[in-house]
Amino acid sequence: MKQPLSLHINDEIHELNLAPNKTLLEVLREELDLTGTKEVCLLGSCGACTVLVDNRPMLSCATLAVACKDKKITTIEGVKDGNDLHPLQQSFVEKGAVQCGYCTPGMILSGKALLDENPNPTKAEAAEAIAGNLCRCTGYAQIIDAIVSAPEIADSKSTKTQHETLAGTLDSGPYLMPETGE
Amino acid sequence: MNHLRHVGKSVKRKDGPDKVTGRAMYCQDVKLPGMLTGRILRSPHPHAKIVSIDLGKAKALDGVKGVITVEDTKGIKHGFVETPRYPADQEVLARDRVVHVGEEIAAVAAIDEVTAQAALELIEIEYEILPPVFDPHKAMREGAPEIHPSHPKVAEKESYANIGGKTESGWGDVEQGFADSYYVREDRYESHLRTHGYLEPQVTVAQWESDKLNVWTSSMGAFNKRAKLAKVLDLPYSSVRVHKAYVGGAFGGKVDLYSHEYCAARLSMLTGRPVRFVASREEIFSAYRHGQPLVVEIKTGVKKDGTLVAQELRIINNSGAYRGSGVVVVFLAWGFTMAPYRVPNLKYEGYSVYTNYTVRAPQRGHGCPQVRFAIESQLDTIAEEIGVNPIDIRLRNARVADEELPNKDNTHEAGLQDCIKIAAEKTDLVAKYGRDRKSPPKDSSIRHGIGIGISAYMSGTLIYPNGSGVIIKMNDDGSAVVLTGAIDLGQGAETIITQIVAEELSLEMDDIKIVSSDTDTTPQDIGAWISGLTYVTGNAARQAATNARVKLLGVAAEQMNVTADDLYLDNKEIISQSNPDNRLSYQQVIAASVANHHGDTVIGEGFWRTMRDEPNHPSLATTKGRWTENYAYSAQTAEVEVDLDTGEAKLVKALTVHDCGFPINPGLVKGQIDGQVSMALGHAFMEEILTKDGYTLNTSWLDYRMPTIHNMAESEDADVITEQYEVGQSYRTKEVGEGLVSGILAAIANAIYDATGVRLHSTPFSPEKILKGLRELERQQKAAE
Ligand code: FES
Ligand code: FES
């Protein structure tokens, strides 16, 4: 018995027709091809399927899609900074927090939920945020490092962006020589 | 020109952006039009005769597109090892008999999961139960139920039953050695069953298109999978294409050919539609391959100063119902015994025994943790008995540089002595050792201990496909595409290969695109399961880059009217040393090559093989023949806390001092080390597959605890003698991805002893065992008073 359901995912509204027993994970991966969210244990035991529902981390394998009606869902595909990586994503790359990558989307969303509430978390807070996310590859230290370093990256990104925009406008003027670099 | 710009640097992962955005495509993400869902019917019995199978109802179910049993196969067997002595012993689906719980009997392809599952339930099978055997010692006894009656007998002269393989080796005269020893002792150590714990489940998608099979499968090497799949399907290699997909962790568990891979392929051929199998986590726990617990019986004799005189080992491996890598692990256990310490007289026997358990696979470390746990534990016991400290006894016996090993391998630069010394210095081990036993803190139930364990690991050996090739295509704008069969499991293969090419061709990382792990479009590769990818494929990449560079230089020399040796490469330009104004861009050089050299677009090719003069891999039976080119040595220490009231032990701090050769990417090396320490921590304290009568009792992560962030210990590391490799040896890399689960396990056991005086003879190091040991100590103390 399918029923209509509209889901608000990554700033897009999806009008769906779904059996009421579909989990959010099934809808994301199978109906919408948002395969960035990983399917690992289907038992709520690994955290790999974590997405944000109204900014709170939720296990999509243990959440019914219908329960997300009128809520704002963010999956890894929706984590970005314009066309660029979100500072937390960049931090994961820079700090070596990614190996096989299977836990990564879930880790990033758990981390993002923390950072959205608490922009400068301690290591202990970061650890608490990912306590439900298993990673078999890294030993977690780099993941913690990536989460607590994200604010720094965000800062440097915003300075850089200002600088680039400025340079971009000036560059287009005829009177400016390209930078020569020392 | 000698400074390195890319190799030796912790550059960012090439695949990082794909993985942090969710774009990275894993097998589970492959979706093809019309794709069917496959499911497997598995044996509910550990040992039974299949009297009859009735597929009628299953086939008749709406939505079922195909059902297969062994009758639909060509009956071709496969095995992890396929040699004349150890021929393939497993069919892709059970024939007449099942020999372990979970053995694959039939497979279904249907329009969806629910239908596929329903079809499985409609398959009717009549079994006749046969007596099973689970304990390897019982399985070895004469008269034990024979699991493979028709197999060639391995240990013919012995009266044992169910021997799947045997390794026998040694030198000198152990009896004489023991007679000459100052101190001799015998111990027995046991290890337990653990799973790999890869997050990505086992997944295969197969799509048959008229005469071509396209496959996406969770693997550790596409070429090995292709060879095995083609064999059991009886297809030419050219008809099987294993495509690239990212792999969500493997740790040894995705090397072998799995039945579901065959079933996906065969069902796609039969139905004409793509078929996908995803193993459920419960299936992975209960029916797939785990690691290999070993029983290690060890007798050791030493001189008064701790010098090893003689050692005798007898190792029993419960290989499960098929050979799997069981015969390899009993060979490897020998290697991990002889590589770190000099033992003048050695007798080694390893048996791989069939039982009615699920089959066993390689698992990160492949026997090394089990063996090092035994040897290092016993060595500490010996050291204490003869009054030598744990560092001195190791330094006295540890191999040095440029030693020839009994198998004619050479230790080359071996940094083991340095590893031990630095580990001791950094932790102040000798001063700390024994502290809490000598003067137990009065006001606390917590005891602190420190321990050390060492190991040596091979860096690649000869096993199919034996060599790796790499091709570099220069684009006419000067950028490059690298074609490599290497597979990135998370260890960073794509990144290090790109670094090497960037270095050798003076390109930026972003100038290079890498195409990897596709059996049709990339050259053959040894794979990421033999601990030699960085060394073998890395050197192939270097050669390919050199080949392209030489071509570029040749053309440039003509164009610039200089000799090639006057030229150097710098950031996509070729520059004359004698006149730096005389320079051409790669783009110009490649254009000239195309114009003047019959259209040569500049393609570099390279290949590498370890131990290039060795014809073959060493004998698994006798250990004769060389094993590896490079041994990676390490010393690891563990600092633990044990609560005497609860028996709870925990790793507080781990230190890994290693000689991994030249680290192409120190950041990735660090990632490997931390991952291994965390895995060893799980091994030591948390993880255990519980079985009863061949059934797995804990089939999820709710009951099988893997380390989370809250279980982590501090992990530090240091590399030794790196500077020796820096001069001209920047590609002398060694293994760093699996051996380091070993010494640390032993170190933890030794640290627990140090904290409590309890010597553990089996893993895991559970509170029950520690409490039992403490009670035993109390009893002994009372008896002595
Ligand atoms: S897949 Fe949802 S918690 Fe594991
Ligand atoms: S990176 Fe592989 S599981 Fe975390």
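Residue contact with chain B, scored on non-hydrogen atoms closer than 4.5 Å, involves the backbone and the side chain of A:L134 alike. For A:Q142, the part lying near chain B is the side chain, with the backbone staying farther off; criterion is any non-hydrogen pair under 4.5 Å. With a 4.5 angstrom heavy-atom cutoff, B:V247 touches chain A only via backbone atoms. For A:V98, the parts lying under 4.5 angstrom from a heavy atom of chain B are both the backbone and the side chain. Heavy atoms closer than 4.5 Å to chain B are found in the side chain of A:D33, but not in its backbone. Only the side chain of A:A141 comes within less than 4.5 Å of a heavy atom of chain B; its backbone N, CA, C and O stay farther away. In this structure, the portions of B:M706 lying under 4.5 Å from any heavy atom of chain A include both its backbone and its side chain. With a 4.5 Å cut-off on non-hydrogen atoms, A:T104 touches chain B through its side chain but not through its backbone. The contact between A:I144 and chain B is made entirely by side chain atoms (from C-beta outward), counting heavy-atom distances below 4.5 Å. Proximity to chain B (any heavy atom under 4.5 Å) is restricted, for A:I108, to the side chain, taken from C-beta onward.
Remark: B:L702 CG to A:C41 SG distance equals 7.5 Å, nearest 0.5 Å.
Counting heavy-atom pairs closer than 4.5 Å to chain B, the top residue among A:E77, A:E94, A:E39 is A:E39. Counting heavy-atom pairs closer than 4.5 Å to chain B, the top-ranked of the candidates A:A97, A:G101, A:C46 is A:G101.
We find that A:E30 and B:R276 are not joined by a salt bridge, their nearest charged nitrogen and carboxylate oxygen being 4.0 Å or further apart.
By the 6.0 Å contact criterion, CD on A:E152 is open, its count of non-hydrogen atoms from other residues, nucleotides or ligands being 12 or less.
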